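The structure appears below as structure tokens.
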Amino acid sequence: MITNVTEYEAIAKEKLPKMVYDYYASGAEDQWTLKENRNAFARILFRPRILVDVSRIDLTATILGFNVSMPIMIAPTAMQKMAHPEGEFATARAASAAGTIMTLSSWATSSVEEVASTGPGIRFFQLYVFKDRNVVAQLVRRAERAGFKAIALTVDTPILGRREADIKNRFTLPAHLVLKNFEGLDLGKLDKTSDSGLASYVAGQIDRSLNWKDIKWLQTITSLPILVKGVLTAEDTRIALKAGASGIIVSNHGARQLDYVPATITALEEVVIAAEGRIPVFLDGGVRRGTDVFKALALGAAGVFIGRPVLFSLAADGEAGVRKVLQMLRDEFELTMALTGCRSLKEITRDHVTTEWDRPRITPKL
């Protein structure tokens, strides 16, 4: 009897090979940020309002002009067929059934065309920039042709973070799987090495020279909106605005890149203030409860993306597991809205939460 999202992790750990579970679950180096991504949510408290008529609650949101059932979306996570034979197909169907957005990883075990073939749905494509820019241009155009609606450009991975579990396990993609978006292209293989096969692959293929000018270059090859994924500071937010980004995803890559960066919920408000309402700001990292979703929205996020809960529920119960995770988060979020006195997303305000960085609070005038 699963009653919350976190319970899927233990089931996934039992079912998956150690190498696969460790790849999904682990963070960089000391894993301080991995723990902090969760712990930081626990230090934000509610200031609920009472005696509000909450007989009707509207969770719907508009994300880059697209109407979704709730501000809870699916983050890009690589190689989902390691979790379940249906992999990204199951995730795409679950997201579509829930009326929300799925983001497909560049390193998916299903191609953009295959995911598009699962049926209707709003989908974004997460992009890593390879040294061979022709490959990048080809991939972006394929995603656009397949009906994907935005590019989530990952900007925090010029080199792969040091994930010690992957080094110990000598992580590699299982022999029966391929990175489907690159099938038939001469991009080397994700093979077994003396440490992490993925780290070696990234070192050989990913373009370390990626910089702000490349957003302009991307805009010359696609008309899709570009979300900059991996922003943690006000300074980079302001540069992203100047570069013409359509949105920002506050992300520390699931705590898998640089350890000892702040939790994304801690970094969120700084980015929101710097964005000045000109573009939407989203959050990923550590979201496991509907209360987390509410806290992110109260601090200015337009929505949140979930990653590991999708992988663990996929491993445990395939498409049905992912559907249940989305439903549980939706139900908890709706409950939180009711108990804080909010009937729509626009009623969720900064006054509904108190954080450790708040100054002594002056009671707002009614």
Side-chain angles (χ1 to χ4, degrees), residues 5 27 33-44 46 59 61-64 66 68 70-77 95 100-103 124 126 150 152-156 225-234 236-237 240-241 245-258 261-310 325-326 329-330 332-333 336-337 342 345-346 348-350 352-353 355-357:
V5 163
T33 298
L34 182 70
K35 293 186 272 285
E36 180 67 2
N37 265 358
R38 281 300 304 136
N39 294 341
F41 276 108
R43 299 193 296 273
I44 298 169
F46 292 123
L59 275 66
T62 304
I63 306 293
L64 299 183
F66 298 100
V68 293
M70 58 183 174
I72 304 164
M73 300 162 285
I74 293 180
T77 50
T100 194
I101 294 165
M102 174 201 181
T103 315
F124 294 171
Q126 175 271 334
L153 175 66
T154 293
V155 295
D156 58 6
I226 295 165
L227 303 174
V228 180
K229 180 178 181 290
V231 175
L232 292 170
T233 65
D236 282 339
T237 303
L241 282 168
S246 297
I248 282 171
I249 302 174
V250 175
S251 172
N252 53 34
H253 211 107
R256 294 158 73 76
Q257 281 300 101
L258 179 63
V261 294
T264 48
I265 194 66
T266 306
L268 173 64
E269 195 164 31
E270 175 182 326
V271 172
V272 166
I273 291 166
E276 298 176 337
R278 290 163 60 189
I279 55 174
V281 175
F282 306 98
L283 172 136
D284 83 9
V287 174
R288 299 291 183 275
R289 285 280 190 188
T291 49
D292 301 335
V293 180
F294 186 100
K295 289 170 184 180
L297 268 62
L299 291 173
V304 303
F305 289 88
I306 57 166
R308 286 185 179 93
V310 170
V325 155
L326 291 168
L329 287 173
R330 180 191 175 90
E332 289 177 5
F333 178 50
T336 308
M337 287 178 67
C342 297
L345 303 190
K346 68 176 184 294
I348 301 172
T349 70
R350 183 61 171 82
H352 285 100
V353 293
T355 71
E356 57 197 345
W357 59 88

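All of these numbers come straight from a predicted model, not from anything done at the bench. These numbers come from the heavy atoms of this one structure, side chains and all, not from hydrogens, waters or symmetry mates.
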(message) Tell me every residue that passes ring-ring contact (aromatic ring centres under 6.0 Å, His included) with Phe124, counting only those two or more places apart in sequence or in another chain.
(response) none

(message) Within the 4.5 Å heavy-atom criterion, are Val155 and Lys229 side-chain neighbours or not?
(response) no

(request) Please list, chain by chain and in numerical order, all residues satisfying side-chain hydrogen bond (donor to acceptor under 3.5 Å, both in side chains) with Asp156, sequence neighbours excluded. (result) His253

(request) Over all heavy atoms of both residues, which pair between Ala263 and Glu36 is shortest? Give the atoms and the distance, please. (result) CB-O, 3.4 Å

(request) Would you mind reporting whether Pro71 and Leu297 have side-chain heavy atoms less than 4.5 Å apart? (result) yes

(message) Checking Phe333 now: which residues fulfil ring-ring contact (aromatic ring centres under 6.0 Å, His included) with it, not counting sequence neighbours?
(response) none

(request) May I ask you to test the Ile265-Ile44 pair for a side-chain heavy-atom distance under 4.5 Å? (result) yes

(request) Using a 4.5 Å cut-off on heavy atoms from C-beta on, say whether the side chain of Pro280 contacts that of Ile63. (result) no

(request) State which residues pass salt bridge (charged side-chain N to carboxylate O under 4.0 Å, His left out) with Arg38; sequence neighbours excluded, sorted by chain then number. (result) Asp292

(request) Taking all heavy atoms of Arg330 and all of Leu59, pick out the closest pair and write down the distance. (result) CG-CD2, 3.6 Å

(message) Between Met73 and Val304, is there a side-chain heavy-atom distance shorter than 4.5 Å?
(response) no

(request) Would you name the heavy atoms of Leu232 and Ala267 that are closest together and state the gap between them? (result) O-CB, 3.7 Å

(request) Only counting residues at least two apart or in another chain, list the ones meeting ring-ring contact (aromatic ring centres under 6.0 Å, His included) with Phe66. (result) none

(request) Applying side-chain contact (heavy atoms from CB on, under 4.5 Å), name anything that partners Ile74, two or more places apart in sequence or on another chain. (result) Thr91, Ala95, Met102, Val310, Val322, Leu326

(request) Looking only at non-hydrogen atoms, find the nearest pair between Phe305 and Ala75 and report the distance. (result) CB-CB, 3.7 Å

(message) I'd like to check Ile249 versus Val228 (side-chain heavy atoms, cut-off strictly below 4.5 Å). Are they in contact?
(response) no

(request) Kindly write out the residues that satisfy side-chain hydrogen bond (donor to acceptor under 3.5 Å, both in side chains) with Glu276, not counting sequence neighbours, or none if the list is empty. (result) none

(message) I'd like to check the side-chain contact (heavy atoms from CB on, under 4.5 Å) partners of Thr77; sequence neighbours left out, ordered by chain and number.
(response) Gln80, Leu311

(message) When you compare the side chain of Leu227 with that of Leu153, does any pair of heavy atoms fall below 4.5 Å?
(response) no

(message) Applying salt bridge (charged side-chain N to carboxylate O under 4.0 Å, His left out), can you list everything that pairs with Arg289, at least two apart in sequence or on another chain?
(response) Glu332

(message) If I compare all heavy atoms of Phe282 with all of Ala302, which pair ends up nearest, and what's the gap?
(response) CE2-CB, 3.7 Å

(request) State which residues pass side-chain hydrogen bond (donor to acceptor under 3.5 Å, both in side chains) with Arg288; sequence neighbours excluded, sorted by chain then number. (result) none

(request) Just jot down the side-chain hydrogen bond (donor to acceptor under 3.5 Å, both in side chains) partners of Thr266, sequence neighbours excluded, or say none. (result) none

(message) I'd like to check the side-chain contact (heavy atoms from CB on, under 4.5 Å) partners of Ile273; sequence neighbours left out, ordered by chain and number.
(response) Glu269

(message) Within 45 degrees of the ring normal and closer than 6.0 Å to the centroid, is that where the cationic atom of Lys295 sits relative to Phe46?
(response) yes

(message) Between Leu283 and Val271, does the side-chain contact (heavy atoms from CB on, under 4.5 Å) criterion hold? Intermediate values first, please.
(response) CA-CA 10 Å; Leu283 172 136; Val271 172; over 6 Å; no

(request) Flag the pair Thr233 / Glu270 as yes when at least one side-chain heavy-atom distance between them is below 4.5 Å, and no otherwise. (result) yes

(request) Check Thr264, Leu34, Leu258 against Asn252 for a side chain to side chain contact (heavy atoms under 4.5 Å, CB included) and give me the one that passes. (result) Thr264

(request) Measure across Leu64 and Ala150 and return the closest heavy-atom pair with its distance rounded to 0.1 Å. (result) CD1-CB, 3.9 Å

(message) So, applying side chain to side chain contact (heavy atoms under 4.5 Å, CB included) with Val287, which one of Asn37, Ile72, Ile306 is it?
(response) Ile306

